[in-house]
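Have a look at this one before I ask anything.
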Amino acid sequence: MSVSVFPKQAPTVGYDVERYRADFPILQQAINGHPLVYLDNAASSQKPKAVIDAISRVYLQDYANVHRGVHTLSQRATDQFEGAREKARRLLNAAKTEEIVFVRGATEAINLVAQSYGRSTLQAGDEILISAMEHHSNIVPWQMLCQQTGAVLKVIPISHQGELLLERYADLLSDRTKLVAVTHMSNALGTINPVEHIIRLAHERGIPVLLDGAQAAPHLVVDVRALDCDFYVLSGHKLYGPSGIGILYGKEALLKAMPPYQGGGDMIRMVSFERTQYNTLPYKFEAGTPAIADAIGLGAAIDYLGTIGLEAIAAHENELLAYATQQARTIPQLKIIGEAAHKGAILSFTLDHIHPHDIGTLLDQVGIAVRAGHHCAMPVMDFYGVPATARASFALYNTLEEVDALINGIKQLIEVFG
Amino acid sequence: MLDHIRDLYQEVVFDHNRNPRNFRVMEAPSRKIDGFNPLCGDRITLYLKLDGPVIADVSFQGSGCAISTASASLMTEIVRGKTEEEAHHLFELFHRITTGQDEVANFEELGKLAVLAGVRAYPARVKCATLAWHSLEAALNNEGEAVSTE
Ligand SMILES: Cc1ncc(COP(=O)(O)O)c(C=O)c1O
């Protein structure tokens, strides 16, 4: 089977993790008497001072509503807000800023595509293809759309290792398929999907593809033009930026043809009670006052990532994951959930006879923050026959010593549980 | 690590987690109810046999964390032989104590259940401790539907 090539990794030599850690004030604290080891980055990552400062600078000096006033502050806020859009465009290598829509996060972006693109193009009997490793936010909006239109949801199955079954994917594509929506990287398993291959096959049939980049964006260099994806969605808060802001990338031609998602101010050009003319892209999709300071904060996060380089970050995180995986395998009671050949820095696991919630509470006692639960991916939990998993997920500021702390913590709690 | 967690994970909790009491399916129960904590995926099926107002037998099945398993196990021990009203009273007491609304003075009335009072320091885990009790309440009120902690 031909699976596309993954980007080559840069060497980690010269990666100064201690220097980067110092950029994150929240990490310099003790939790329950132990230095904080923050390994819940897949849920949300911490913010560098550059982002915190950028947000407070907006409110201290430059804040006003955007796109309305002629006064100085409104102009400053608008310039910075639009500047953030340009940064997002560059992050994704989109052709135009018109293709970058600010939304609340990945969830809202997917709902926007479902309700605007989906509702205006799908009919009863059409099919939407997702995968068995999707986050609830890339399942439920499509189920809602199916209920509204009579379309049918189809699911690409996964292997026990946590990889998409690509032959099954090819078989599931048909003339009825009207949209493929898959995750670029799974939050529950860490799997990085061969999205180039997925897109190529869909495009051979003229089917547009949405990629859920909520997890991938902080770890991979994303080039929407090279990928040729039709929609790409991400959340700022997983990208070291603020919560409440995210990005929908859509190809201009698609966005142009789509009806607005919400009505209100900013998304119109002219309103009378008889008729309303919608605004141009991307404003057509940005009804109401946006999260101004948060968008600017996201821009600062993108700048910050640029100073380190996503390739260097990915290489560092891969080293952490490889080490954590190797260490985890030495614990006989530990089972890794998700062992795809291509993985991002996520280690999902279970321990014999110890529920993930007990793992989470016990590790917290030694200052280690991990996620315990179904990770908003209940179908994935069902597939593996577990109610939940514990999940350690790594970010640019984590260290090999923190992996050691995690492994020691796990060994200790196994002892405590006896 | 041990020192910090003794409050929550006392030996009784470990014991009941390892060997849950009354952990079985009941033949011909008077009431049967499914409880679910969507946050952590804890599931419990609770079985009751009523003899008039008295809980003649109680058992459970399911999967959950140590707190929820131990809580269910301890609950079955304590409510067997009690009247519905006594069980309801215990539910309220347990609820108040685990959510920190009641004083340590009432611990005695709770007997062994008091070991779970430690969850009050872990708000995220209170629902683990109360799942079985919510299920019991629902079963006694004869709410045939599955109960959820949400
Ligand atoms: C793969 C994936 N998709 C979508 C989301 C939803 O992101 P948000 O809650 O920021 O909208 C998440 C968040 O956990 C995720 O991991």
Side-chain angles (χ1 to χ4, degrees), chain A residues 30-34 37 40 43 136 140 188 333 337 348 350-391 405-418, chain B residues 1-20 23 34-45 60-73 98 115-132 146 148-150:
Chain A
I31 300 284
N32 293 319
H34 296 263
V37 175
D40 193 16
H136 293 165
V140 184
Q333 298 90 337
I337 306 286
S348 244
T350 57
L351 296 177
D352 290 347
H353 311 302
I354 308 180
H355 190 279
H357 269 76
D358 298 315
I359 300 172
T361 297
L362 289 162
L363 287 178
D364 182 57
Q365 297 307 310
V366 287
I368 303 171
V370 298
R371 174 85 187 269
H374 51 61
H375 317 295
C376 296
M378 282 183 175
V380 175
M381 300 297 113
D382 290 344
F383 176 77
Y384 287 95
V386 295
T389 73
R391 180 186 70 188
L406 170 71
I407 298 296
N408 284 336
I410 294 171
K411 286 180 178 162
Q412 270 188 69
L413 77 89
I414 290 172
E415 219 164 276
V416 170
F417 254 76
Chain B
M1 182 188 279
L2 264 173
D3 301 343
H4 295 283
I5 57 150
R6 239 177 226 138
D7 259 5
L8 180 56
Y9 292 90
Q10 301 196 23
E11 198 43 48
V12 182
V13 171
F14 284 130
D15 173 35
H16 278 259
N17 180 50
R18 270 191 294 264
N19 308 300
F23 189 74
D34 294 318
F36 181 46
N37 180 348
L39 195 70
C40 37
D42 289 350
R43 282 171 197 280
I44 180 178
T45 303
F60 77 107
Q61 284 273 282
S63 76
C65 64
I67 307 296
S68 80
T69 304
S71 177
S73 172
T98 49
V115 299
L116 288 165
V119 291
R120 60 166 74 193
Y122 301 83
R125 304 300 302 277
V126 170
K127 284 173 176 173
C128 307
T130 53
L131 174 63
S148 160
T149 57
E150 291 300 294

Query raised in the report: Where does A:Met378 contact chain B at under 4.5 Å (heavy atoms): side chain, backbone, both or neither?
Result: side chain
**Report entry** B:Arg43 portion near chain A, given a 4.5 angstrom heavy-atom threshold
**Finding:** neither
Requested in this report: Keeping the roles fixed (side chain from B:Arg18, backbone from A:Phe417), state whether a donor-acceptor pair exists under 3.5 Å.
Outcome: yes
**Report entry** B:Asp42 side chain near A:His355 side chain, heavy-atom distance below 4.5 Å
**Finding:** yes
Requested in this report: For the residue pair B:Tyr9 and A:Asp358, confirm or rule out a side-chain donor-acceptor distance under 3.5 Å.
Outcome: yes
Query raised in the report: Quick one: side-chain hydrogen bond (donor to acceptor under 3.5 Å, both in side chains) partners of A:His357, sequence neighbours excluded?
Result: none
